[in-house]
Every structure is written in structure tokens, then in C-alpha cells.
Number of protein chains: 2
Amino acid sequence: MRARDENKEIAIRQKAVEMIVKEGLDGLSMQKLARAAGVSPATIYIYYKDREDLIIQLALYASEKLTCTSLENFDPEMSFEEGMKLQWRNRARFFTENPTEMLFVEQIKHSQHYEKFVEANKEHFRDVMKKFTANAIKNKELIELPFEAHWSIAFGPLYQLIKFHSQGHSYASKEFHLTDELMMQTLQLVLKALKP
Amino acid sequence: MRARDENKEIAIRQKAVEMIVKEGLDGLSMQKLARAAGVSPATIYIYYKDREDLIIQLALYASEKLTCTSLENFDPEMSFEEGMKLQWRNRARFFTENPTEMLFVEQIKHSQHYEKFVEANKEHFRDVMKKFTANAIKNKELIELPFEAHWSIAFGPLYQLIKFHSQGHSYASKEFHLTDELMMQTLQLVLKALKP
DNA sequence: AATATAAATGAATGTTCATTCACTTAACAA
DNA sequence: TTGTTAAGTGAATGAACATTCATTTATATT
């Protein structure tokens, strides 16, 4: 038995994500990817069933990495403010350290692959967050809200800020830079909205 | 001189947007599009320079429609609460009446075409919104904030809600439905965050 | 009715695409 | 050392791709 060459797998993943972010989903060709990763086209099919499977697997892998990072040092028993601050910082850090993967996940989330992507998503994160919010409500740190409304207020602004920062934006100033200070200022306002 | 057949132009636009939302940017082929729109492939090239031009033009057209809708009955002199309520309702209405175009714009915004899309965007909307916020700050209805932070809090949650509603979401309940009531409840919290 | 003009076409071009397959290579078990 | 297994390959295949072009068609003007 010959062992899989881990470097090949990593090279395929990394080059694929790069290609998609740079040239779009329609810029990802199996042959170009093989050349970029230094493997034979046929090798990719050892790791992935077909082109779509490749895309979905990559998205799941990257998204799992984001979820794990966002839960680092997190505990659902934390105070609401403390927990939110940690999650915002963790997510922002993931984006700073993995901008390409972050853009990739956002692209997939807004593509036709979204449904398959969601189906396969684990429930663990959802459960932790539900516990966190239930706890915060119990401690009168958070108003009662449908989960979707809560999520939208709690994280919608963060993702919007990240998008402003990552690509420039029709309405963003050219010189816009996402500082930790601005992020925390924004978070304080979000907390103001969500406190009883 | 033979006049352009407006129906053909509309058919191309409509089918292209449908195709992209259903099958993704990599699912849009000029020949398939021509067949779907009932025209010759060559006809498309009368209207658009090439495939990318087609995509960008479609995105600009749809985005302009969204901007116009969002400014319907809007006046930058309105009170902050009134103005925000109107914009939220206008945007939600656009989404309800044009779900495919809305998804299309969101897809382009998160794709590699984003930069070209932004470059070509008009400044009118930005100016109106700047006037609106400046006015609200003067009237002590809005705290002072960098434009990006303000925008993120003011509209980030709305777009997140729309996404929850349009596709289901990893963390959304299966039965989630975006009612006007929930939207207005969420807006009230956003306003709470942004009021001095 | 004749002319001019641009819209519209269908077939054709050369390229690139995803995927497969017969084959070779590496590593471990015997 | 030899046999077995799966990793890895390069070339090949046929389909689909974006785009072009010689030609036809419709219409507004003369």
C-alpha cells in the first residue's frame, strides 16, 4: 500500500481556493488546477468525485475552520458581552489570517452551491450558540428574539464591515481600514441594540 | 435601418439572470443562453461585447433597479426613523417582487466581478445617503460614526434577514419566514443602536 | 419601388473543458 | 525478495465552449 502524499492534497486545496477567489467559479478548470498544483488531472479525481464535489468539500473544510476559530476560548456560559466580543474578535482574526479562504466561503455562500453546503453543515455550532443565547436571556443580558433576528443583528454588521474592508465597496471610502477600535465600537452599538 | 427587437433584449437579460441564479456563473453558456432566449448566439454579441460584458451590464442594470426602488418616496430631509423604515421596506419589497434579480446581485457582489461592478456604480445614491445621515446627526437622531460602521449596522442585519429568508440558512429554522412584523421589530433594535 | 443600414442569423472555428483509462510507481506485508 | 495494493500519471476522448463571419432579413428613408 502506497500512502497518500499529503502535500499534494494541500496543494490542490490551496490552489483551488486561490483560483476560485481570483478567477471565480467559472475560472476553475480541472486541468489548470492540476497544472497549478503540480499534479496530474487524474490525481484530483482520487481525492474528489468530480468538480462539484471538489468545490463542496473545499467549502465545508474552510467553513469548519472558520467555525472552529470562532469558538476558540468560547464558552456558552460566558457573559453575553464577553462572548460576543470573543466571537467578533475570533472571526475578524480568521479573516485577517485567512483572507482568501474567507472570501471563498462568502462566494460559495452566495452561489448555487449554497444549499448543498448548508445540508452538510454540522449542528454543533448551532447548539452552542443556542445555549449561549438562552443563557444570556435568562441572565437578562439579551432580549428575547427569534434566532434569525438575533443572528442578523449580532453578526450581520460584522460581515458587512469585513466586506467593506476586504474589497472596497461602492459606498466605502477608498481609505477605509477596519481597525480593532472601529470593530469594537461597532460591537458596542450592536450590544446596545440587543440589551434589554 | 432595422430597429432592435426589444423583446429579444429583454429575453436575453431575463434568461441570463435566471440561468446564473439557478446554475451559477459557471452554468452560463452563451449558446445555452441563446437557445433559452430564442435567439442566435451571434445576436447576443450585438448587445454585449462579450460574456463578461454581459454579466457586468446585467449586474449594473439590476443594481440600479434596486437603488431606484430603495429611494422611492425617499427624501434625505426625512426624520431618521422614517427614512430608515422606508428604505428597509423598499428594499424588502424589491426582494419580494424580484427575488431572482436580488439573488443575482448578491451573487455578483460576492464574485470576482465585484470590482468592475463597483467601479461603474453611480455616486448619486451615496450622496443622497450622506446627506440623509448628516442631517440625522445634525438633528441629534443619529450618533456620529464612520460611514462604513453606520452602514454596517443600518443595513447589515436587513441583508442577513433577507438571506435567511431566501435560501434557508445553516442556522435558520426550517420554518423561518420573514414577516413585515419581524422586520420592523429588527429595525427598531437597529434604530436603538444608532440613536444618541 | 429602390436603396441603405443595421439587426439577426446559423454554421463553422479552434480552443478548452471534465473525465477516463491503461499504465507506472512507491510502499508495505509476506 | 516478491506480491499486493492503492497512489499517481500522461495522453486521449468527445462534448461544450466563446466567438466570428458570410449571409439574409426587416425597416426607415429616399
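Atom C1' of nucleotide C/dA18 and atom CG of A/Asp50 are separated by 9 Å, given to the nearest angstrom. Protein atom CG of A/Asp5 is 17 Å distant from nucleotide atom C1' of C/dC28, rounded to whole Å. With rounding to whole Å, A/Asp53 atom CG is found 14 Å from C/dA18 atom P. If you take CD1 of B/Ile12 and P of C/dT9, they are 9 Å apart, rounded to a whole angstrom. Remark: P of D/dT9 and CG of A/Leu33 are 13 Å apart, rounded to the nearest angstrom. Between the CD atom of A/Glu9 and the P atom of D/dA6 there is a distance of 17 Å, rounded to whole Å. With rounding to whole Å, A/Tyr48 atom OH is found 14 Å from D/dA7 atom P. Between the P atom of D/dT5 and the CZ atom of A/Arg4 lies a distance of 17 Å, rounded to the nearest Å.
Using a 30° and 60° split on the angle between ring planes, B/Phe80 and B/Phe132 fall in the parallel class, below 30°.
Within the structure, every side-chain polar atom (N or O) of A/Lys8 is placed at least 4.0 Å from both OP1 and OP2 of C/dA26. Distances shown here put every side-chain N or O of A/Tyr47 at or beyond 4.0 Å from the OP1 or OP2 atom of D/dA7.
For the residue pair B/Glu141 / B/Asn135, no side-chain donor-acceptor distance below 3.5 Å is found, with atom types taken as modelled. A/Glu18 and A/Gln14 are linked by a side-chain donor-acceptor pair at a separation below 3.5 angstrom, with hydrogens and angles left out of the test.
The closest side-chain heavy-atom distance from A/Lys192 to B/Leu194 is not below 4.5 Å. With contacts defined as side-chain heavy-atom distances shorter than 4.5 Å, the pair A/Phe95/A/Arg91 does not qualify. For the pair A/Lys195 and A/Glu81, the minimum side-chain heavy-atom distance is below 4.5 Å. A heavy-atom distance below 4.5 Å is not found between the side chains of A/Thr100 and A/Lys22.
Proximity of the aromatic rings of A/Tyr159 and B/Tyr159 is defined here by a centroid distance below 6.0 angstrom, and this criterion is not met.
Remark: B/Lys163 qualifies as a cation-pi partner of A/Tyr114 under the 6.0 Å distance and 45° angle criteria applied to the six-membered ring.
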Going 5' to 3' through nucleotides 20-30 of chain D, assign each nucleotide B (protein heavy atom under 4.0 Å from a base atom), S (under 4.0 Å only from sugar-phosphate atoms) or - (no protein heavy atom that close).
BB---BBBS--

Please tabulate the protein-to-nucleotide N/O contacts below 3.5 Å involving nucleotides 15-17 of chain D, giving atom names and distances.
{"unit_1": "D/dC17", "atom_1": "OP2", "unit_2": "B/Ser29", "atom_2": "OG", "d": "3.4"}

